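Structure, as structure tokens:
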Amino acid sequence: NAGVTQTPKFRVLKTGQSMTLLCAQDMNHEYMYWYRQDPGMGLRLIHYSVGEGTTAKGEVPDGYNVSRLKKQNFLLGLESAAPSQTSVYFCASSDDSETQYFGPGTRLLVL
Amino acid sequence: AQSVTQLDSQVPVFEEAPVELRCNYSSSVSVYLFWYVQYPNQGLQLLLKYLSGSTLVESINGFEAEFNKSQTSFHLRKPSVHISDTAEYFCAAVDTGRRALTFGSGTRLQVQP
């Protein structure tokens, strides 16, 4: 039981490049989330999903897209990366218990 | 919009001393409250949570938090800290409308020998 895994662990992009971050969970959770963590700002919700095939915007969705084609996977896409998207990205999943389980994070540097 | 406020960005404390990390939430937020801990270069781990029932909740490693509705607070306490407690601690509240957490800005606990 691996819990929540994230790929890649670290990435460097040039401004304007695109990439996809992958989140996978093996706990059969319905709900999945993408957050970004920036110094002094805690974690902010980017997008979330309440089930396979559904997505919704969070607090800071601009510049990101997501997809939930399979229940166990939640993808976060950056179509045209900007330096302001330099951050640590965390994925999480939860069931009805309200407790969220977090992945180890992806560090993204946009030059 | 709901908000969660952690009043202290850093809390230095000596080993074996007591500590309190403060958290206040806005009155409009759901009363589901959480404390998460983040060790260096790791993801967040649930420390404890309040959903309903007893207002005092405890973790397995000696931390406790008390839900105080009148003061809209959920402060985290430990009577005697260890070096291994050095980490960043985040208070969070669940938004039942979105099932997503609203986080405070975090408090870095630095335990010194």
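We use all heavy atoms of the structure for the numbers below, so side chains are in, but hydrogens, waters and symmetry mates are not. It should be emphasised that the depicted structure is a prediction, and the values quoted were computed from it without experimental measurement.
Cluster membership for A:W34 and A:V4, using ILVMFWY side-chain heavy atoms within less than 4.5 angstrom, is not shared. The same ILVMFWY cluster, assembled from side-chain heavy atoms under 4.5 Å apart, contains both B:F74 and B:L76. The same ILVMFWY cluster, assembled from side-chain heavy atoms under 4.5 Å apart, contains both A:V110 and A:V60. Residues A:F90 and A:Y64 fall into different hydrophobic clusters, defined by Ile, Leu, Val, Met, Phe, Trp and Tyr side chains chained together at heavy-atom separations under 4.5 Å. Following chains of ILVMFWY side-chain contacts shorter than 4.5 Å, one can reach A:Y35 starting from B:Y32, so the two form part of one hydrophobic cluster.
Within a 6.0 Å radius of CD in B:E16, other residues, nucleotides and ligands contribute 12 heavy atoms or fewer. The environment of A:R107 atom CZ is sparse: at most 12 non-hydrogen atoms of other residues, nucleotides or ligands sit within 6.0 angstrom. By the 6.0 Å contact criterion, CZ on A:F10 is enclosed, its count of non-hydrogen atoms from other residues, nucleotides or ligands being greater than 12. When the shell of 6.0 Å around CD1 of B:I60 is examined, it contains 12 or fewer heavy atoms from other residues, nucleotides or ligands.
Neither the backbone nor the side chain of A:Q6 has a heavy atom closer than 4.5 Å to any heavy atom of chain B. Contacts between B:Q45 and chain A at a heavy-atom distance below 4.5 Å are absent for every atom of the residue. Heavy atoms of A:R44 lying under 4.5 Å from chain B are absent altogether.
Residues of residues 46-55 of chain B that come closer than 4.5 Å to chain A, counting heavy atoms only, are B:L46, B:K49, B:L51, ordered by residue number.
Residue with the most contacts toward chain A among B:F90, B:F34, B:Y36: B:Y36 (heavy-atom pairs, distance under 4.5 Å).
Between the CG atom of B:L44 and the CD atom of A:Q100 there is a distance of 10.0 Å, given to the nearest 0.5 Å. Rounding to the nearest 0.5 Å gives a distance of 7.0 Å between OH of A:Y33 and CG of B:L101. The NZ atom of A:K9 lies 12.5 Å from the CG atom of B:N41; values are rounded to the nearest 0.5 Å.
When all heavy atoms of A:G40 and B:S105 are compared, the pair lying nearest together is O-CB, 3.4 Å.
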